[in-house]
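The structure's right below; bear with me while I get my questions together.
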There are 2 protein chains.
Amino acid sequence: MGMREAAPGPQRRATRADVARRAGVSDAVVTYTLNGGAPVARATAERVLQAVADLGYQPNQAARALKSGSAHTLGLILPDGPDPVFENPFFTEFANAVEAAARRRGYALYMTPTPPDQTSVVTRLNDFATRQVDGVLVVPGEGSLDPDVLDRIGIPWLQLNTVHEQVGVDSIGADLLGGAVLATEHLIAHGHRQVAFVGEIDEREPRYRGWLATCERLGVERGPALPSEYNRQSGYAAGLEIAAMDRPPAAVFAASDLIALGVLRALHERGVSVPDDVALVSFDGSWEAEYSWPALTSVRQPIEEMAEASVAAILDRTAPDERRHRMFRGELVLRASCGVHRPA
Amino acid sequence: MGMREAAPGPQRRATRADVARRAGVSDAVVTYTLNGGAPVARATAERVLQAVADLGYQPNQAARALKSGSAHTLGLILPDGPDPVFENPFFTEFANAVEAAARRRGYALYMTPTPPDQTSVVTRLNDFATRQVDGVLVVPGEGSLDPDVLDRIGIPWLQLNTVHEQVGVDSIGADLLGGAVLATEHLIAHGHRQVAFVGEIDEREPRYRGWLATCERLGVERGPALPSEYNRQSGYAAGLEIAAMDRPPAAVFAASDLIALGVLRALHERGVSVPDDVALVSFDGSWEAEYSWPALTSVRQPIEEMAEASVAAILDRTAPDERRHRMFRGELVLRASCGVHRPA
DNA sequence: TTGAAAGCGCTAACAC
DNA sequence: GTGTTAGCGCTTTCAA
């Protein structure tokens with residue numbers, strides 16, 4: 001008779017063959033019942049399902065992956081630089097949302113910080129390919145990736161958190177320019193006749209462009225533009241500069257929450273009051289913006305929506321050659337840092 | 001002749017057979033060369049390695065997983081409750097450190113928030129098992145897990161972030177009691193004759209016990225103990241209570257950074273100054289504690305060390321029956337929230 | 001509607 | 001030292 005269920009302890013997992021035997025059918029029928037692919041007689045199907053339940057059978061995903069070329073898994077590559085990505089609540093929220101979206105579709109997620117240079121990313125993509133990963137979401141860092149090289153690996157990929165749209169690259173990103181316009185307009189609506197900018201100062205950076213354009217359009221003096229990387233330290237340095245000015249700008253648009261948090265700290269230290277002396281609006285709308293002091297008014301990126309769309313874009317891709325950029329609008333979340341709001 | 005390399009585009013990945021053919025050896029020799037397991041003549045090995053390089057061959061991990069029962073992958077289960085785990089920088093840092101430790105060992109990581117109840121965790125462990133995951137790190141939430149049930153799944157697991165040591169459970173955790181002692185002593189060293197506590201009020205909670213014992217040992221009045229869950233909102237509520245007191249405690253020990261952040265916000269709102277009116281020390285030492293205002297003095301958990309140990313514990317496990325709790329000491333990181341430090 | 005059998009790519013026991 | 005071969009558990013023709 002062979003071994004019956006051994007005493008408690010890590011027992012061997014049931015395989016498709018065990019199920020088939022117990023249901024008195026062939027292996028194939030088990031597959032048909034479970035995955036479809038061929039019609040199965042009602043009675044047969046019931047016996048199979050019963051056997052599955054009795055045995056607590058669960059298909060071996062490794063075997064499935066080998067045979068079908070799909071591990072039912074997605075990969076997420078986050079930029080691993082001098083600033084730990086996971087210290088950025090925006091990425092953290094994004095990663096979380098992607099995992100949730102993948103799971104809803106029955107996919108698992110490999111998530112890994114990777115240096116954002118071409119070679120490292122290629123290595124990681126290759127590793128994913130050997131694991132039969134179905135698609136990879138890449139959050140780029142500094143430096144750009146050559147789409148052709150990545151394509152040649154043969155694994156579907158999609159670029160997240162895109163700032164500059166690129167031909168031949170399937171990508172997803174927030175409407176940075178539109179968000180910057182929202183933020184700047186709001187500061188101006190508060191009555192400020194001068195708005196400063198802290199962030200990446202580059203004609204091609206949409207947040208910078210949005211701020212610039214809005215100041216010009218509304219005939220408002222553009223306060224100084226202070227350079228800052230997207231982290232707290234750099235924002236702090238900019239904040240110190242602001243505090244040291246003879247005539248500090250009464251309104252500041254910071255290109256990310258992290259920058260704003262740094263600015264905030266510097267102003268606190270120098271006894272400059274936010275929002276009384278300086279009104280501040282930032283970008284991202286991550287949860288950290290909510291528990292800062294004062295809480296930050298910020299342009300909230302539609303993270304869940306973008307995550308959902310990312311997973312869908314890669315999983316539902318039909319024509320591999322139809323590549324495009326998908327842009328998502330954010331909304332301004334009003335809190336305390338921009339000043340008191342009057343009823344409209 | 002068959003097909004030669006097709007024009008650029010996702011080409012078929014080379015398999016072990018391709019390498020064998022090109023090197024003029026059998027499949028087995030390729031395996032021997034790559035994995036060891038049998039001696040290979042120097043010259044042969046060189047030819048194989050050359051072929052591997054020429055073809056850019058990388059072993060198919062799905063096939064490996066099927067054959068060997070190991071996907072070279074670890075799983076990390078985070079508690080998914082009403083409070084999103086990824087809003088807690090402590091978990092975020094921990095997850096990041098675990099991923100890095102796993103990667104250093106050549107392992108990938110599945111990371112997933114999961115409701116911490118028994119059924120959900122079992123389901124997830126089973127899913128991991130079908131994917132031939134080599135071991136799972138479980139961060140428990142509310143409610144306890146039955147080790148016997150988890151063991152029966154047959155996949156090695158380890159409990160992280162452990163508060164209460166349990167027999168029969170392999171686990172890792174910080175020295176919470178020792179940390180609470182450090183924090184409380186420090187507040188007392190600042191000259192305060194009364195120290196309050198905000199956190200979980202339970203005789204079995206080590207942070208609570210450490211605070212209690214230290215106050216008694218040093219003959220200091222223990223200020224009120226205010227209940228709080230481990231999140232910002234709850235800390236905020238406690239902070240409001242503190243601010244509303246006739247005679248607020250001059251020193252507070254908060255059981256986590258998140259709690260402290262909430263307390264801080266409440267005190268700000270009520271115009272209570274930290275550290276002048278209230279000195280504050282918290283627990284965890286996550287990065288968010290550094291950019292709060294004022295920056296938090298906090299007991300830093302040795303996250304990297306614990307992550308490293310977690311991965312090692314599960315991968316280097318020899319005797320599956322030798323289970324124990326591994327405890328790690330934290331250290332007090334001095335910042336501003338506890339008050340000015342005089343030279344020792 | 002069901003079954004037999006080939007094969008995904010790799011490993012390892014066994015033979016030479 | 002090297003080759004042959006039998007699977008790991010599953011999917012999928014192809015036949016019956």
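Each chain gets a letter, A, B and so on, in the order the sequences are listed, and its residues count up from 1. If you're wondering where the values come from, they're calculated on a predicted model, not measured in any experiment.
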Between C:dG7 (P) and B:Asn60 (CG): distance, integer Å: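 Those two atoms, CG and P, are 18 Å apart.
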
Closest to side chain of A:Leu66, choosing from D:dT2, D:dG9, C:dT2: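 In terms of side-chain proximity for A:Leu66, the closest of D:dT2, D:dG9, C:dT2 is D:dG9.
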
Could you check whether the side chain of A:Tyr57 and the base of D:dG9 have a donor-acceptor pair of N or O atoms closer than 3.5 Å, going by distance alone?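 Such a pair does not exist between side chain and base.
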
With distance as the sole criterion, is a donor-acceptor pair present between the side chains of A:Arg124 and A:Thr112 under 3.5 Å?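 Note: A:Arg124 and A:Thr112 side chains meet the donor-acceptor criterion.
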
Is there a side-chain contact between A:Thr31 and the phosphate of D:dT11, meaning an N or O under 4.0 Å from OP1 or OP2?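 Affirmative; the distance criterion is met.
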
Could A:Asp127 and B:Arg103 be called an ion pair, given the rule that one side-chain N must be under 4.0 Å from one carboxylate O?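 Judged by the 4.0 Å cut-off on N to carboxylate O distance, A:Asp127 and B:Arg103 do not form a salt bridge.
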
Please give, in whole Å, the distance from C:dG9 C1' to B:Arg21 CZ?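 Value for this atom pair: 13 Å.
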
Look at the side chain of B:Lys67 and decide which nucleotide, out of C:dC10, C:dT2, D:dG3, has an atom nearest to it.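 Among the listed nucleotides, the one closest to the side chain of B:Lys67 is C:dC10.
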
Heavy-atom donor-acceptor pair, A:Asp134 side chain to A:Leu74 backbone, under 3.5 Å: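 No: the side chain of A:Asp134 does not pair with the backbone of A:Leu74.
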
Want to settle it: does B:Gly24 or B:Ser68 sit nearer the 5' end of DNA chain D, counting the closest nucleotide to each?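 Result: B:Gly24.
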
Using atom CD of A:Gln132 as one end and atom C1' of C:dC8 as the other, report the distance to the nearest whole Å.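 These atoms are roughly 9 Å apart.
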
Please report, rounded to the nearest Å, how far the C1' atom of D:dG3 is from the CZ atom of B:Arg47.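 Interatomic distance, CZ of B:Arg47 to C1' of D:dG3: 13 Å.
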
Nearest heavy atom decides the nucleotide; on that basis, is A:Arg64 or B:Pro39 closer to the 5' end of DNA chain D?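 The residue mapped nearer the 5' terminus is B:Pro39.
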
For A:Asp18 and D:dC8, what is the distance between atoms CG and P respectively, to the nearest whole Å?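 Going from A:Asp18 (CG) to D:dC8 (P), I get 11 Å.
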
Heavy atoms only, 4.0 Å cut-off, all strands: where does A:Val25 land among base, sugar-phosphate and nothing?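 If one applies the 4.0 Å heavy-atom cut-off, A:Val25 turns out to touch the sugar-phosphate alone, with no base involved.
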
So does A:Arg105 pair up with A:Asp316, basic N to acidic O under 4.0 Å?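 Looking at A:Asp316 together with A:Arg105, the answer is yes, because their closest N to O distance falls below 4.0 Å.
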
Taking any heavy-atom pair under 4.0 Å as a contact, classify A:Arg16: base, sugar-phosphate, or nothing.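 Base, at least one base atom sits under 4.0 Å.
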
C:dT2 OP1/OP2 closer than 4.0 Å to side-chain N/O of A:Thr44: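 Checking C:dT2 against A:Thr44, a side-chain N or O does come within under 4.0 Å of OP1 or OP2.
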
The side chain of A:Asn35 lies closest to which of these nucleotides: D:dT11, D:dT2, D:dC10?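 Side chain of A:Asn35 sits closest to D:dT11.
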
Using heavy-atom distances to pick each residue's nearest nucleotide on DNA chain C, tell me which of A:Asp27 and A:Ala38 is more 5'.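 It is A:Ala38, whose closest nucleotide lies nearer the 5' terminus.
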
Are any of A:Thr15's side-chain N or O atoms less than 4.0 Å away from OP1 or OP2 of D:dG9?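 False: A:Thr15 side-chain N/O out of range (4.0 Å or more) of D:dG9 OP1/OP2.
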
Can you tell me how far P of C:dC14 sits from OH of B:Tyr32, to the nearest Å?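 These atoms are roughly 12 Å apart.
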
Could you walk me through whether B:Val30 and B:Val25 pass the side chain to side chain contact (heavy atoms under 4.5 Å, CB included) test, one step at a time? CA-CA 8 Å; B:Val30 177; B:Val25 298; 4.1 Å; yes

Interatomic distance, B:Leu34 CG vs C:dA12 C1' [rounded to whole Å]: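 Going from B:Leu34 (CG) to C:dA12 (C1'), I get 15 Å.
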
Which part of the nucleic acid, if any, lies within reach of B:Ala41 when heavy atoms closer than 4.0 Å are counted: base, sugar-phosphate only, or nothing?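 Sugar-phosphate contact only - B:Ala41 comes under 4.0 Å of backbone atoms but never of a base.
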
